[in-house]
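What follows is one structure encoded as structure tokens, with my remarks underneath.
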Amino acid sequence: MCGRYYRTFDKQKIAEALRATATGDPFLYAPAYNIAPTTQQPVLRLERETFQRELVPMRWGLVGFGTKGPDPKRSTFNARAEGLQQSSLWKRPLHRQRCIVPMDGYFEWRKSDKQAFRFTVGDEPMGIAGLWDAWKSPDGIWLQSFSVITTDPNTVAESVHNRMPAILHPQNYDEWLDREEIERPPIHL
DNA sequence: CCAGACGTTGTT
DNA sequence: GTCTGG
DNA sequence: CCAGACGTTGTT
DNA sequence: GTCTGG
């Protein structure tokens with residue numbers, strides 16, 4: 001699982017590091033050390049027509065296109081990699097709306113004693129595989145939102161938890177973001 | 001066909 | 001919107 | 001994920 | 001204990 005993370009890079013640095021155009025309010029890119037679900041956070045995706053990389057602030061906690069809106073009773077800030085194909089909520093996002101969640105690291109709490117652990121990949125920023133969707137509110141305003149994909153833990157993560165976010169290798173970012181591959185999404189990444 | 005869901009975690 | 005269960 | 005709340009009435 | 005809001 002991944003329910004908290006942190007990011008030290010600001011708008012300009014994220015844009016530079018990811019070679020992307022950063023859109024939206026600079027305030028939403030401010031370094032944050034305890035990021036929680038339902039807050040607006042920048043995610044990386046390809047622009048619909050130009051396929052250029054763009055950073056867009058979205059709500060953490062995916063709100064499906066056809067739902068009635070955000071539902072506090074249902075957690076959608078994580079999406080299990082194993083079940084993405086079997087759910088109407090995740091299926092279209094998996095095929096057409098993949099994104100990457102930039103962060104410096106994430107936190108996990110050990111169940112036994114509630115001890116918090118911080119996970120990073122060295123000193124490098126990391127990109128987590130994510131999905132996004134858009135929902136139109138009754139008053140016509142679009143809400144964009146995203147979810148972090150989780151998978152089985154590696155040997156480091158499993159000492160604390162039985163799930164971990166899907167960390168992408170930088171060389172695979174383009175393949176994950178590809179908006180033209182809608183038949184066979186690169187779930188192997 | 002319609003109605004209702006559409007999700008995750010851990011159970012130390 | 002789309003899928004599953006009844 | 002954690003922190004904090006956890007209620008009722010009626011209201012054009 | 002369970003739900004909501006961030």
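What you see below is based on every heavy atom in this structure, not just the backbone, and it leaves out hydrogens, waters and symmetry mates. Source: prediction; values computed, not measured.
In 5' to 3' order, the nucleotides of DNA chain D bounding all contacts with chain A (an atom under 4.0 Å from a heavy atom) are D:dC1 to D:dC2.
Linking Ile, Leu, Val, Met, Phe, Trp and Tyr residues whenever their side-chain heavy atoms come within less than 4.5 Å leaves A:V148 and A:L28 in two separate clusters. Follow the hydrophobic side-chain contacts under 4.5 Å out from A:V101 and you reach A:M164 in the same cluster. Residues A:L168 and A:L177 are members of one and the same hydrophobic cluster, defined by side-chain heavy-atom contacts under 4.5 angstrom among Ile, Leu, Val, Met, Phe, Trp and Tyr.
One atom, NE2 of A:H95, and another, P of C:dT2, lie 12 Å apart when rounded to the nearest Å.
Ring geometry for A:F77 versus A:W60: interplanar angle over 60°, hence perpendicular rather than tilted (30 to 60°).
Near DNA chain C, meaning a heavy atom under 4.0 Å away, there are no residues from residues 148-166 of chain A. DNA chain C lies under 4.0 Å from no heavy atom of any residue of residues 103-134 of chain A.
A heavy-atom distance below 4.5 Å is found between the side chains of A:L44 and A:R53. In this structure the side chain of A:I100 never reaches within 4.5 angstrom of the side chain of A:V43, judged on heavy atoms. Two residues are said to be in side-chain contact when any heavy atoms from C-beta on lie closer than 4.5 Å; A:D178 and A:Y173 fail this criterion. Taking the side chain as every heavy atom from C-beta outward, A:V56 and A:Q144 approach each other to under 4.5 Å. In this structure the side chain of A:Y106 reaches within 4.5 angstrom of the side chain of A:F119, judged on heavy atoms.
Spacing of P atoms, B:dG10 relative to D:dC2, comes out at 11 Å, to the nearest Å. The separation of B:dG4 from E:dG6, taken at their C1' atoms, amounts to 29 Å, rounded to a whole angstrom. When the C1' atom is compared between B:dC1 and D:dT8, the two are found 42 Å apart, to the nearest whole Å. Comparing E:dG1 with D:dT9, their C1' atoms are spaced 27 Å from each other, to the whole Å.
A donor-acceptor contact closer than 3.5 angstrom links the side chains of A:E175 and A:H188. Between the side chains of A:Q41 and A:R7, at least one donor N or O sits under 3.5 Å from an acceptor N or O.
Among residues two or more places apart in sequence or in another chain, the side-chain contact (heavy atoms from CB on, under 4.5 Å) test is passed with A:T8 by A:Y6, A:Y33, A:D104.
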Listed pairs, N/O of protein and of nucleotides 3-6 of chain E, under 3.5 Å:
from, atom 1, to, atom 2, distance (Å)
E:dG6, N9, A:T38, OG1, 3.2
E:dG6, N7, A:P37, O, 3.4
E:dG6, N7, A:T38, OG1, 2.8
E:dG6, N2, A:R4, NH2, 2.2

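Pairs of Watson-Crick or G-U wobble type, with distances under 3.5 Å, assemble into runs of 3 or more in DNA chain D at these ranges: D:1-6 with E:1-6.
Of the possible polar contacts, none joining the A:S147 side chain to the A:L131 backbone as a donor-acceptor pair under 3.5 Å is found.
A cation-pi contact links A:R45 to A:W132, judged by a cut-off of 6.0 Å to the six-membered ring centre and 45° from its axis.
The pair A:R163-A:E82 meets the salt-bridge criterion, with a side-chain N (NZ, NE, NH1 or NH2) lying under 4.0 Å from an Asp/Glu carboxylate O.
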